[in-house]
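Source: prediction; values computed, not measured. First listed ligand is number 1; within each ligand, the first listed atom is number 1.
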Amino acid sequence: MIVMKFGGSSLADAPRLLQVADLVLAAERTPCVVLSAPGDSTDRLLAVARAAAAGRADEARDGLAELFTRWTAEAEQLGVDPERVPARLRRLRDDVELLLLAAGRDPAATARVTDAIVAHGERISTSLLCDVLQRRGARVVEVDARDVVRTDRRFGRARPDRAAIRATARQSILPHLATGTVVVTQGFVGSAPDGATTTLGRGGSDWSASLLGAALGVEEVQIWTDVEGVLTADPRVVPEARPLVALRPEEAAELAAFGARVLHPATIQPAVDAGIPVTVRHTGRARGSFTRIAADVPRAGSGIAAIASRGPVSVLTMTSRRMLEASGYLAKLFDVFGQLGVAVDLISTAEVSVACTVEADAPIDALREALAELAHVEVTTDQSIVALVGEGLRGTEQVLERACRSLGALLPRMVCFGGNSRNLSFVVARGEEVEVVRRLHDEFLGGDRRWDAELVGTAASLHQEVSR
Ligand code: ADP
Ligand code: ASP
Ligand code: MG
């Protein structure tokens, strides 16, 4: 058994959905197929929900009509009875009307109904693919992810209950796979203890795939997307970025946490805990290269694996003379962040000041107010984090010197050697992020450190080449 997860980019239109069907039918092991919403549907559904919640009825209904038109046309192209699309989506229309009624009055209902609306993107994908597979003679069953992926009630960013998922997946998915029946289910979607629809946060389908893979004990979790695996940088930023053959789980998790959007940051853990390799593959180039992420990949002694970046973030610089003599001062300071539910990312300290990064949407005014008694606070917005990642980072000669030299006049606001020694991060102005990534890539992964295909074969040789 395997899990095959296809992202929105692989499901954006009818020809691509047919390509997905081909891959599913060609799979050598029985797949549990996990699907995202088609293309940018999630963005559009969120826009519809936001308009409805704000009482902008025309905008919400127009947005919905546009989606219906698009999905109906796609069904027609696929040879699926187009009448079935509106029938399937009646509930979506009802939810949008419900949100219009609750507009501005009930924030709890807004969060709950928004998740119910957004989940329809994944649901249209699974119903279209199931129809196509059935008509091509496959034995296939559609499983509603809400019956399997149990979560808490944090709408929009629900946390999964791994023990419950293990039990439900074994009950409602495993028996089908065991008899060779393909299972198709939604990524990103789950349900709260009272049955309300929840979602796992943007990009969360990867996480669903890994959770289900771990619950089912599959041989491999395959993440099918629009790139040939994890590359040395985001190809949209560095066009010459090249695919990595193998990565250690810690490296992949670190890259995801620092912005490599190809994997949701929570994806790696469930699979690795269960000893299952994760592969990242290109839907349009199934025979091309791909990345294997597994615990048996050797640790590189030196070399950077890849560069990731993430923004916008804000830097908070907190200054107080009390820092000089007081032990326990930092604990008090960061307790304020904890109480306000603000996650702190990078930290660096000086004699009487400490700087840290927080997400751009953190409640800065509330933080400033709550910290007023403890420190003077300065906030710098519109910053980005750029991270060099690799097990071999520490062993890379003059890594810091080379990084700083390549940045030249692009002076970083903060520099952090990650506590785990596989991460060297720079906080730079948002406008300089792209240039910083390109220069670092050039220095550590590009130019004459060109890919030599013959050397590739094992992860060890890969890392050797990268570090040369
Ligand atoms: P999907 O719709 O399949 O979930 P995503 O858009 O979420 O796809 O993720 C794939 C994208 O991630 C790529 O198109 C690429 O632009 C981006 N990306 C960022 N960093 C990397 C990286 N290091 N390697 C590969 N892709 C990356
Ligand atoms: N469709 C969801 C999103 O766009 C989940 C995913 O694609 O992973 O965020
Ligand atoms: Mg994604």
- Query: After noting the C-alpha distance and the side-chain angles of Thr279 and Ile293, does the key distance pass the side chain to side chain contact (heavy atoms under 4.5 Å, CB included) rule?
  - Reply: CA-CA 6 Å; Thr279 57; Ile293 302 162; over 6 Å; no
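Under a cutoff of 6.0 Å and an axis angle of 45°, Arg281 and Phe290 form a cation-pi pair. In this structure, Arg422 is not positioned above the aromatic face of Phe417 in the sense of NZ or CZ being under 6.0 Å from the six-membered ring centre and within 45° of the axis.
For atom 22 (C) of ligand 1, the nearest non-hydrogen atom from the set Gly204, Ser205, Ala233 belongs to Ala233. Among Asp234, Leu255, Ile307, the residue whose heavy atom sits closest to atom 17 (C) of ligand 1 is Asp234. Taking all heavy atoms of Thr42, Leu45, Thr199, Thr267 into account, the minimum distance to atom 1 (N) of ligand 2 is reached by Thr42. Atom 13 (C) of ligand 1 has its nearest heavy-atom neighbour, among Thr283, Leu244, Asp226, in Asp226. Across the listed options Glu228, Arg261, His264, Arg261 owns the non-hydrogen atom lying nearest to atom 7 (O) of ligand 1.
The protein atom (non-hydrogen) at minimum distance from atom 12 (O) of ligand 1 is Val262 N, 3.4 Å. The nearest heavy-atom contact from the protein to atom 4 (O) of ligand 1 is Lys5 NZ, 3.3 Å. In terms of protein heavy-atom proximity, atom 3 (C) of ligand 2 is closest to Arg202 NE, 3.3 Å. Nearest protein neighbour of atom 6 (C) of ligand 2, counting heavy atoms only, is Ser205 OG, 3.3 Å. For atom 7 (O) of ligand 2, the nearest non-hydrogen atom of the protein is Ser36 OG, 3.2 Å. Nearest protein neighbour of atom 24 (N) of ligand 1, counting heavy atoms only, is Leu231 N, 2.8 Å.
When only interatomic distances are considered, the shortest N/O to N/O separation between Gly203 and ligand 2 falls below 3.5 Å. Considering both main-chain and side-chain atoms, Pro235 never comes within under 3.5 Å of ligand 1 through any nitrogen or oxygen pair. Here's the thing with Asp206: none of its N/O atoms is less than 3.5 angstrom from an N/O atom of ligand 2. For ligand 1, the polar-atom distance check against Thr225 finds a nitrogen or oxygen pair separated by under 3.5 Å. Taking only nitrogen or oxygen atoms, main chain and side chain alike, Ser9 reaches within less than 3.5 Å of ligand 1. The shortest N/O to N/O separation between Ala260 and ligand 1 does not fall below 3.5 Å.
Listed by atom number, the atoms of ligand 2 under 4.0 Å from Glu122 heavy atoms are 1 (N), 2 (C), 5 (C). Every atom of ligand 1 with a heavy atom of Gly7 under 4.0 Å away is listed here by number and element: 1 (P), 2 (O), 3 (O), 4 (O). In the vicinity of Arg236, heavy-atom distances shorter than 4.0 Å reach the ligand 1 atoms 13 (C), 14 (O), 16 (O). Near Val230, meaning under 4.0 Å from one of its heavy atoms, ligand 1 places the atoms 24 (N).
Residues Pro243 and Leu231 share a closest heavy-atom pair of CA-CD2, 3.3 Å. The two atoms that bring Ile276 and Ala214 nearest to each other are CD1-CA, 3.8 Å, heavy atoms only.
Taking CD from Gln19 and CZ from Phe6, the interatomic distance works out to 9.5 Å, rounded to the nearest 0.5 Å.
For the side-chain contact (heavy atoms from CB on, under 4.5 Å) criterion with Cys356, the lone passing option out of Val313, Val344, Asp345, Val315 is Val344.
Counted by atom type alone, His282 and Thr225 present zero donor-acceptor pairs between their side chains at under 3.5 Å. Side-chain contact annotation: Asp115 with Thr198, donor-acceptor N/O pair under 3.5 Å absent. Inspection of the Ser10 and Arg16 side chains reveals no N or O donor paired with an N or O acceptor under 3.5 Å.
Every heavy atom of Gly8 sits 4.0 Å or more from the atoms of ligand 2.
A donor-acceptor contact shorter than 3.5 Å links the side chain of Thr291 to the backbone of Val230. With Glu122 contributing its side chain and Ala37 its backbone, the two residues share a donor-acceptor pair below 3.5 Å.
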